[in-house]
Protein chains: 2
Amino acid sequence: MGQDLSRDLPITAYALLGLLSFGDSLTGYELKQRADRTLRFYWVSPAMSQVYSELERLHDLGLVKSQGDARSTSYSLTSRGSSVLTDWMNTSPVGFPVLKHPVALRLLLGALADPARVTNMLRDHLAALDEERAALEQVRHSLEGQDQPGDPFRYPALVADWGSSYFEHERTIVEDLLRRIHEGT
Amino acid sequence: MGQDLSRDLPITAYALLGLLSFGDSLTGYELKQRADRTLRFYWVSPAMSQVYSELERLHDLGLVKSQGDARSTSYSLTSRGSSVLTDWMNTSPVGFPVLKHPVALRLLLGALADPARVTNMLRDHLAALDEERAALEQVRHSLEGQDQPGDPFRYPALVADWGSSYFEHERTIVEDLLRRIHEGT
DNA sequence: ACAGCCATGTAACTCGTTACATGATTAC
DNA sequence: GTAATCATGTAACGAGTTACATGGCTGT
């Protein structure tokens, strides 16, 4: 029982530690909500069941401590957890982003599909993009007033701006593509 | 033996079928190279071993046919493979992109890291971005002359332009972030 | 001779998902 | 009372990875 301390954790584990690094104590359920609100834009929001199993592992490793009963347990970082996370931030190899883009993948094969399907797909993507962007901007607004240098949410604010700008630009690209597809017909 | 025909294939299987939909016949090895050159920008380039196992499954399902011996086997689409792929293009739910962005994830937690580390990370990301973009633009150039409406590589060209524009914009965002981080210090 | 590429696979393993199951608390 | 939300887990499974193993062919 327990975990092999010599093995590296998956990045998702560090991400969850990161979500716990803002000073509060969260239940698995709340942690999942926070992941849905923020983490999902730059990483992935793990399934509920994975949140619980990951918390169990982190607890076994002594990186988080729990309080409360079986009915409702909340977790917070231990000092070891905090130092492991800081160490990961400072020394782990970063790597290049991986994008799984089902719209681009299908556009690549656009010749195989009904032309109307391609157009609809891109239009639907525009709508989805707007929705996601609105959700992200809501998060961004909730950080206002605590987003200046030295404030606790400065970095989350920077990342949220990054995401917004990404969504905004993606919109203009897709609009462009729609135009190019139609002028050529 | 054989595969359960009622089950859906993973998207990666359709992606591989898609790479075989340009009329030629490829070995597993060549298919992996094509994935490394193109697919990796919008999806993921599967490991060598997965390419082989996926090809075996597609063969079992009658979606690709093989020619050659055990020394070197090349695969091409069957008409069933082609119609399954077209059907997937026209009817499958598309879904929103998933981005796993280790740089953004770490920037979110930037407060925990050495400030120099954050800066270096972003600068390294700029360099990596330029490399990736150069690779993609090389692909794009190889499509020139066959990228007009009606040409075989029109859609791949559109997607390559999408990718280029994405890399370009990501560069400007990161440059902006670097500026914002330094003016606030 | 030796390096590097072409080519094909097997085995073990982890991550992460979906489906399932349970029950308490809160709001209407 | 009943629906939604809060809360926690188990089980089965699939996708995809890394490590390993093999061997032919090509260029120098």
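Each chain gets a letter, A, B and so on, in the order its sequence line appears, and its residues count up from 1.
The number of heavy-atom neighbours closer than 6.0 Å to CD of A/Glu131, taken from other residues, nucleotides and ligands shown, is 12 or below. The environment of CD in A/Glu175 is crowded: more than 12 heavy-atom neighbours from other residues, nucleotides or ligands sit within 6.0 Å. Around atom CD of A/Gln33, more than 12 heavy atoms belonging to other residues, nucleotides or ligands sit under 6.0 Å away.
Out of D/dT8, C/dA24, C/dT17, the shortest distance to the side chain of A/Tyr52 is found at D/dT8. The side chain of A/Tyr75 approaches D/dG9 more closely than any other nucleotide in the set D/dG16, C/dG16, D/dG9. Side chain of A/Tyr29, nearest nucleotide from D/dT8, C/dT17, D/dG16: D/dT8. Of the listed nucleotides (C/dT8, C/dT17, D/dG16), C/dT8 has the atom at the smallest distance from the side chain of B/Thr27. Listed candidates were D/dG24, D/dG9, C/dT8. Nearest to the side chain of B/Met48 is C/dT8. Of all nucleotides listed (C/dC15, D/dA7, C/dT17), C/dT17 comes nearest to the side chain of A/Pro46.
For D/dA15, neither phosphate oxygen OP1 nor OP2 lies less than 4.0 angstrom from any side-chain nitrogen or oxygen of B/Thr12. Under 4.0 angstrom from either OP1 or OP2 of C/dC6 there lies at least one side-chain N or O belonging to B/Gln33.
Residue contacts shown for B/Thr73 are limited to sugar-phosphate atoms, with no base heavy atom under 4.0 Å away.
Below the 3.5 angstrom threshold, one finds no donor paired with an acceptor across the side chain of A/Ser49 and the base of D/dT8.
Although no hydrogens or angles enter the test, the distance criterion places no donor-acceptor pair under 3.5 Å between the side chain of A/Ser92 and the main chain of A/Met89.
When each of A/Gln50 and B/Ser53 is assigned the nucleotide of DNA chain C bearing its nearest heavy atom, the one mapping closer to the 5' terminus is B/Ser53.
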